[in-house]
Protein chains: 2
Amino acid sequence: MAHSDTVTRILDSAESLFAERGFAETSLRSITAQAEVNLAAVNYHFGSKKSLIQAVFARFFTPFYQMVEASLDMHEKRHPEVILTVEEILRFVSRSISKVSEGDRRRLAIFMRLLGLAYNQGQGHLRKFLQNEYRAVSGRVMDLIAKATPELKDEERFWRIHFMLGAAAFTLSNMEHLRAIFEHDFDTQCTEEDVVAMLMPFLGAGVRAQSGL
Amino acid sequence: MAHSDTVTRILDSAESLFAERGFAETSLRSITAQAEVNLAAVNYHFGSKKSLIQAVFARFFTPFYQMVEASLDMHEKRHPEVILTVEEILRFVSRSISKVSEGDRRRLAIFMRLLGLAYNQGQGHLRKFLQNEYRAVSGRVMDLIAKATPELKDEERFWRIHFMLGAAAFTLSNMEHLRAIFEHDFDTQCTEEDVVAMLMPFLGAGVRAQSGL
DNA sequence: GTATGTTTGAAACAGACGTTTGATTTAAGT
DNA sequence: ACTTAAATCAAACGTCTGTTTCAAACATAC
C-alpha cells in the first residue's frame with residue numbers, strides 16, 4: 001500500500017530532523033526531501049505542519065503510554081497494596097521508554113524535546129494536545145508518586161515533579177550534545193544507559209529532600 | 001544621545017519578546033515594532049539577528065558574572081579556607097541573579113531560556129559564545145562544587161551538574177507557564193521566590209545522592 | 001474496460017523572514 | 001556656517017516558508 005509507506009517515511013524523516021534541529025528550524029521541504037516524497041504529501045496526509053508534529057509525538061507516545069499502563073497493571077495485579085518508591089516508578093517509566101524507542105536512540109531525544117517544547121511555547125498547541133490526549137496515564141503516575149511521598153504537601157510535590165521533569169527533559173533531549181562535551185572533557189565514552197542510571201538516584205534524592213519552605 | 005536610546009529599546013523589546021515566544025518565533029519586525037524603531041536599526045546597530053541574541057544575553061550575563069565573582073571574592077577574603085556547601089554556592093549564584101534582574105522578572109526567564117537553548121541548537125553559536133566569553137566564572141563555580149562534593153567522581157559530578165542545570169533551566173524558563181498551571185490546579189498563588197526556595201534543597205539533595213553506578 | 005476514488009507530481013501561491021540599499025535627517029567638530 | 005560622520009527612514013531585495021492547485025498516475029470495484 002503506497003499510502004502508509006509515504007506516511008511512515010514522512011514520520012521517520014520528521015522525527016530525526018526534529019530531533020536534530022528542533023521544530024521551527026525544520027522545514028517541510030527538508031523533511032520531504034529526506035523522505036523522498038513530494039512536498040504536498042505532508043499537507044495531504046497530515047493537513048498541516050502542526051498536525052505532523054502531533055502525529056510524530058503520538059506515534060511515540062501512544063505505545064509508550066500503553067506500555068506504562070500495562071506494566072503498572074501487571075505489577076498491581078501481582079503485588080496489590082504494595083507502595084512503590086519513586087525510583088521504582090521511574091524505572092517503570094524508563095523501561096517503557098526504552099522498549100518503545102527500541103533501536104533508534106533518537107526517538108527518546110525527540111520525545112523529550114517535544115515534552116520540553118510543550119511547556120515552552122506560550123499558547124502552545126502541544127501542551128494542550130498532550131494534556132487532553134494523555135491525561136489518564138500521567139494522572140496515574142502522579143498518584144503513584146503521591147503515594148510514594150506522603151510526607152510532601154501537594155503543592156511542594158507539584159514543583160518537585162516538575163523539577164524532575166526538567167532535569168530529565170533537559171538531559172535526555174540534549175543527550176547527544178552533552179555526551180560530546182563529556183567525551184571532550186574526559187576522553188572517555190559514556191553510554192546513554194549510564195546517564196539514565198546516574199539520573200535516577202539524583203531525581204529520587206531530590207524528591208525526598210527536606211522541605212524548602 | 002540618540003544612539004544608545006535606540007539600542008536600549010531594541011534590547012528591551014528583544015528581551016521581553018524572546019522570553020515570551022522564543023528566538024526563532026520572534027521576528028525582527030515584531031521587535032522593532034514594539035521598540036518603536038526602524039526595522040533596519042537592528043542590522044545597523046547589531047549586524048544580525050544572531051548578534052542581537054548574543055547582545056541580549058551579554059547584557060544580562062556580564063553584570064551577573066561580575067556579581068558572582070565579586071561576592072565570591074568577598075566571601076573568600078573574609079572566610080578563607082572555608083569550604084562552601086552546594087546549597088551555599090547555589091545561594092551565591094541565585095542572589096546574584098536576583099540582583100541583576102532587579103524589578104523585571106522576565107530577565108531571569110529569558111536568561112534561563114537562552115541557557116537551555118545554548119545546549120539545544122546543534123551547531124549553536126550560543127554555546128560557543130557562552131563558552132568562550134564566560135569560561136572563567138563557570139570554571140570557578142565548577143571548582144567550588146567539586147570541593148563541596150569530594151566524594152563524587154569527576155565524571156558523575158559532571159552529569160549531576162547538568163542535571164541541576166536542566167532542572168533549573170526548565171523550571172525558571174517556564175516559570176510563568178508553570179505558575180499558571182499551579183494556580184489552576186491549587187487555586188493558590190505562588191511567588192517566584194517560593195519556587196526558588198523549593199528548588200534549592202531539591203538540587204542539593206540530588207547532587208549528594210548515593211552514586212548510581 | 002470503464003468508471004471511481006485515492007494518491008502523487010510539478011508548479012505556483014501569498015506571505016513572512018532577515019538583510020541591504022540609498023536618500024534623508026540629525027548631531028558634532030571646526 | 002560648512003563639513004563630516006552617525007543615525008534614521010521607507011522601500012525594496014532575494015529567499016524561504018507553509019499551503020494550495022490541478023492535472024497525471026494509480027489502484028479498486030463493477
Side-chain angles (χ1 to χ4, degrees), chain A residues 1-59 110 114 117 120-126 129, chain B residues 1-59 110 114 117 120-126 129:
Chain A
M1 198 200 224
H3 170 115
S4 65
D5 186 53
T6 300
V7 168
T8 306
R9 296 165 70 107
I10 292 176
L11 286 172
D12 288 343
S13 297
E15 200 173 79
S16 73
L17 288 173
F18 284 158
E20 272 177 31
R21 313 179 194 172
F23 304 99
E25 296 83 359
T26 303
S27 69
L28 293 185
R29 280 174 175 79
S30 66
I31 293 171
T32 53
Q34 178 177 309
E36 293 178 310
V37 303
N38 191 272
L39 166 62
V42 171
N43 288 281
Y44 176 76
H45 288 288
F46 297 94
S48 69
K49 188 181 181 181
K50 267 189 191 177
S51 308
L52 172 62
I53 294 176
Q54 294 179 350
V56 169
F57 192 75
R59 184 169 69 143
I110 200 249
L114 272 155
L117 223 89
N120 256 309
Q121 16 207 48
Q123 32 104 28
H125 64 292
L126 253 183
F129 171 76
Chain B
M1 198 201 218
H3 170 116
S4 66
D5 185 52
T6 299
V7 169
T8 306
R9 297 165 69 107
I10 291 175
L11 286 172
D12 287 342
S13 297
E15 200 173 79
S16 72
L17 288 174
F18 285 158
E20 273 177 31
R21 311 178 195 172
F23 304 98
E25 296 83 358
T26 303
S27 68
L28 294 186
R29 283 173 173 80
S30 66
I31 293 171
T32 53
Q34 177 176 309
E36 292 177 310
V37 303
N38 191 271
L39 167 62
V42 171
N43 287 282
Y44 177 76
H45 288 288
F46 297 94
S48 69
K49 187 182 182 180
K50 267 189 191 177
S51 307
L52 172 62
I53 293 176
Q54 294 179 351
V56 168
F57 193 75
R59 184 168 68 144
I110 200 252
L114 272 155
L117 222 88
N120 256 309
Q121 16 208 50
Q123 32 102 31
H125 65 291
L126 254 182
F129 170 77

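So that the names make sense, note that chain A is the first sequence line, chain B the second, and so on, each numbered from 1.
Within the 4.5 Å cutoff, the side chain of A:Tyr44 has no heavy atoms near those of the A:Asn38 side chain. In this structure the side chain of A:Arg9 reaches within 4.5 angstrom of the side chain of A:Asp5, judged on heavy atoms. Contact of the A:Arg59 side chain with the A:Val7 side chain is not registered, since no non-hydrogen atoms from C-beta on lie closer than 4.5 Å. B:Val42 places none of its side-chain heavy atoms less than 4.5 Å from the side chain of B:Lys49. In this structure, the side chains of B:Asn43 and B:Leu28 come closer than 4.5 Å at one or more pairs of heavy atoms.
Separating the CG atom of A:Leu28 from the P atom of D:dT20 is a distance of 12 Å, rounded to the nearest angstrom. Rounded to whole Å, atom C1' of C:dG18 lies 12 Å from atom CD1 of B:Ile53. Atom P of nucleotide C:dT26 and atom CG of B:Asp5 are separated by 15 Å, given to the nearest angstrom. Atom C1' of nucleotide C:dT8 and atom CZ of A:Arg9 are separated by 13 Å, given to the nearest angstrom. In this structure, the NZ atom of A:Lys49 is 17 Å from the C1' atom of D:dT20, given to the nearest Å. Separating the CZ atom of B:Phe46 from the P atom of D:dT8 is a distance of 11 Å, rounded to the nearest angstrom. Rounded to a whole Å, the CG atom of B:Asn43 is 14 Å from the P atom of D:dT8. What separates CD of B:Glu25 from P of C:dC17 is a distance of 11 Å, to the nearest Å.
At D:dA7, none of the side-chain N or O atoms of B:Thr6 fall inside 4.0 Å of OP1 or OP2 (strictly under the cut-off). At C:dT8, one or more side-chain N or O atoms of A:His45 fall inside 4.0 Å of OP1 or OP2 (strictly under the cut-off).
Distances were taken from every side-chain heavy atom of B:Arg29 (C-beta onward) to each of D:dT19, D:dA12, C:dA10; the shortest belongs to D:dA12. Checked against D:dT8, C:dA11, C:dT19, the side chain of B:Tyr44 finds its nearest nucleotide in D:dT8. Across C:dA12, C:dG9, C:dT19, the shortest atom-to-atom separation from the side chain of A:Asn38 is found for C:dG9.
Checked options B:Ile53, B:Val56, B:Leu52; the residue passing with B:Phe46 is B:Leu52 (criterion: side chain to side chain contact (heavy atoms under 4.5 Å, CB included)).
Within 4.0 Å of A:Ser30, counting heavy atoms only, lies no atom of the nucleic acid at all.
The line from OG of A:Ser27 to CZ of A:Arg21 is 7.0 Å long, rounded to the nearest 0.5 Å.
Map A:Phe23 and B:Val37 each onto its nearest nucleotide of DNA chain D; the residue landing nearer the 5' end is B:Val37. Between A:Ala40 and A:Ser27, the residue anchored nearer the 5' end of DNA chain D, judged by the nucleotide with its closest heavy atom, is A:Ser27.
Taking a 4.0 Å limit (strictly below) on heavy-atom distances, residues 10-18 of chain A does not reach DNA chain C anywhere.
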